[in-house]
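Counting starts at 1 for both ligands and their atoms, following the listed order. Computed from heavy atoms alone, side chains included, the values below leave out hydrogens, waters and symmetry copies.
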Amino acid sequence: MLVLKFGGTSVANAQAILQIAAVLKEKTYPKNMMVVVSAMSGVTDMLVSCYQKAAQHDASYHEVIQQLETKHMEAIEQLIPHSYQIDVKGKVKLLLRELEDICQGVFLLDELSDGIKARIMSYGELLSSSVVSVAFNHQDLPNTLIDSRDYIVTDNNYLNAKVDQKKTFALIKERMADAALTIAPGFISRTETGKTSVLGRGGSDYTASIYAAALNAERLEIWSDVDGMYTADPRKVKAASSIKELSYKEAMELAYFGAKVLYPPTIAPLVAAQIPLVLKNTFNPSHKGTWITASPAAGQNSIKGVSCIDNIALITLSGSGMVGVPGIAMRMFKAVATQNINIYFITQSSSEQSITIAMADQEGQLALQALTKEFSQDIEVHDVDPVSLEPHMSIVAIVGNGMIQQPGIAGTMFSILGSHSINIRAIAQGATERNISIVVSGEDSVKAVNLLHDSFFLAKTEKQAEALA
Ligand code: ADP
Ligand code: ASP
Ligand code: MG
């Protein structure tokens with residue numbers, strides 16, 4: 001079994017869908033293949049704007065639904081012979097009428113729960129998988145279309161749902177038909193009580209890895225619009241290049257710290273079953289892409305990549321009364337966790353006088369309020385200073401297994417940034433020594449990533465070239 005996931009740009013229009021068909025036909029794969037698809041690019045954002053408009057009593061969500069209809073109908077008209085279009089066009093219309101009814105409910109009732117948001121967002125993948133399935137039937141790729149909600153069971157954290165792997169794996173093993181080619185929508189799932197949930201933005205990668213692990217696939221291939229995982233975000237760093245091989249742990253760290261090409265939870269299900277993951281480019285299929293396994297061949301560079309997360313808020317809790325008092329960190333994390341806020345970064349000064357945490361900018365105020373409330377008495381007696389919030393920061397991380405044996409990397413990192421007047425607000429190194437992350441002002445992030453990339457990758461390449469000359 002081979003599982004392949006195609007992202008939004010790979011199903012963006014008729015031409016891209018034909019490109020996927022060409023990729024699949026190249027596979028001289030003997031047994032079964034499963035293809036997981038995202039929504040057509042831009043569609044999930046359009047669905048988000050539908051519920052936002054409806055909730056604000058703005059009837060222009062109808063226009064967005066009209067645009068969704070045009071987008072899908074255009075693809076159908078270009079992909080499917082005229083006399084066969086009627087069924088799939090009917091299905092698309094039916095799905096869009098359901099969507100319209102739900103949005104109208106939101107519009108009329110002024111009610112918008114996370115459950116409704118998830119339900120509205122699910123239409124992107126329901127539509128794309130329906131179109132792709134019929135298109136493939138007409139491309140000599142007969143297939144069975146499934147609804148991932150019948151297989152993937154989650155908790156009721158509707159928008160970032162956590163998969164119940166035990167129940168999900170059991171359902172996949174029990175229900176999955178033995179088809180040569182199965183098409184499945186990514187991203188969408190169902191709670192135990194039968195409500196639609198979604199696996200977080202970018203979650204189709206995760207859907208594919210769940211299927212791959214449950215079906216003990218030989219390999220998972222994630223196809224997008226770049227030649228694999230790059231040494232840095234190619235949108236920020238012109239000189240970034242595709243990385244040949246990575247370990248699961250390196251890939252997870254790069255993804256966690258912002259390499260959007262891979263949704264971070266995707267790796268975990270693959271690790272236990274030791275399923276290799278390959279990141280490939282739909283529009284450049286002959287490129288080998290990035291291979292991610294447990295023990296890749298040792299590369300020349302101990303650092304594999306530089307990642308960056310923008311729009312970060314830093315919160316610092318400090319005070320002379322914190323020194324040697326047990327339980328402060330626990331109270332801090334608990335106060336933030338009860339608000340369901342995800343912490344990206346933690347650092348404590350060695351004097352124990354301050355703890356700094358980082359989270360998404362949009363959650364900064366909420367965290368500030370929660371912490372100010374939790375420590376109000378300590379602040380009143382001056383054991384703890386008023387909690388401080390610094391918005392618009394970025395986390396920049398360098399990642400690589402080889403850093404474990406190589407001293408001085410942190411020093412190089414700080415001196416490069418220092419010599420270019422970039423102020424480092426906080427530093428953390430994971431206990432695994434696989435990652436060093438720093439926090440800089442958001443304004444400095446692109447410059448910091450480029451400086452680090454140039455010095456750890458380009459300088460090396462130049463030195464190697466000189467040595468070879
Ligand atoms: P898909 O829609 O196929 O899931 P995504 O948009 O989620 O694709 O991810 C691919 C994009 O990730 C690329 O177009 C690229 O701009 C961005 N990206 C960010 N960081 C990296 C990186 N380190 N390596 C490769 N791509 C990256
Ligand atoms: N369509 C969803 C999103 O845009 C899931 C995905 O593309 O992976 O977030
Ligand atoms: Mg993606």
Which one of [options] has a non-hydrogen atom at the shortest distance from [atom]?
atom: atom 25 (C) of ligand 1; options: S241, A259, G7, G228; answer: G228
atom: atom 3 (O) of ligand 1; options: S224, G203, S41, A39; answer: S224
atom: atom 16 (O) of ligand 1; options: R201, R235, K236; answer: R235
atom: atom 12 (O) of ligand 1; options: T282, L254, V261; answer: V261

Of the backbone atoms (N, CA, C, O) and the side-chain heavy atoms from C-beta on, which set of [X] has a member under 4.0 Å from an atom of ligand 1: side chain, backbone, both, or neither?
X: K260; result: both
X: K5; result: side chain
X: S204; result: neither
X: V226; result: side chain

Check whether the side chains of [X] and [Y] place a donor and an acceptor atom closer than 3.5 Å, and report yes or no.
X: S197; Y: T154; value: yes
X: S60; Y: K53; value: yes
X: S41; Y: T9; value: no
X: S38; Y: S204; value: yes
X: S113; Y: Y158; value: no

To which protein heavy atom is [atom] closest, and what is the distance rounded to 0.1 Å?
atom: atom 3 (C) of ligand 2; answer: R201 NE, 3.3 Å
atom: atom 7 (O) of ligand 2; answer: S38 OG, 3.2 Å
atom: atom 14 (O) of ligand 1; answer: D225 OD1, 2.8 Å
atom: atom 6 (C) of ligand 2; answer: S204 OG, 3.4 Å
atom: atom 27 (C) of ligand 1; answer: P234 CD, 3.5 Å

Within the distance-only criterion (no hydrogens, no angle test), does the side chain of [X] pair as donor or acceptor with the backbone N or O of [Y] below 3.5 angstrom?
X: S133; Y: S129; value: no
X: T290; Y: G228; value: no
X: R434; Y: E253; value: no
X: T231; Y: S241; value: yes

Against heavy atoms of M229, which atoms of ligand 1 measure under 4.0 Å? 24 (N)
Against heavy atoms of D233, which atoms of ligand 1 measure under 4.0 Å? 18 (N), 19 (C), 20 (N), 21 (C), 23 (N)
Step by step, work out the salt bridge (Lys or Arg N to Asp or Glu O under 4.0 Å) result for E69 and R97. CA-CA 10 Å; E69 181 163 336; R97 290 299 83 81; 3.4 Å; yes
Report the C-alpha distance between D45 and R201 in whole Å, list the side-chain angles of each, state the deciding distance to 0.1 Å, and finish with yes or no for salt bridge (Lys or Arg N to Asp or Glu O under 4.0 Å). CA-CA 10 Å; D45 288 339; R201 292 304 304 268; 3.0 Å; yes
Enumerated ligand 2 atoms positioned under 4.0 Å from heavy atoms of G202: 3 (C), 5 (C), 6 (C), 8 (O), 9 (O)
Between K304 and E245, is the closest basic N to carboxylate O distance under 4.0 Å? no
Polar proximity ligand 1 side, Y230 side, N/O cut 3.5 Å exclusive: yes
N or O contact, G8 vs ligand 1, cut-off under 3.5 Å: yes
Against ligand 1, does G202 come closer than 4.0 Å with any heavy atom? no
Proximity of E125 to ligand 2 by residue part, where a heavy atom lies under 4.0 Å: side chain
If every non-hydrogen atom of I409 is compared with every non-hydrogen atom of M403, which pair is closest and at what distance? CD1-CG, 3.4 Å
G124 near ligand 2 by a heavy-atom separation under 4.0 Å: no
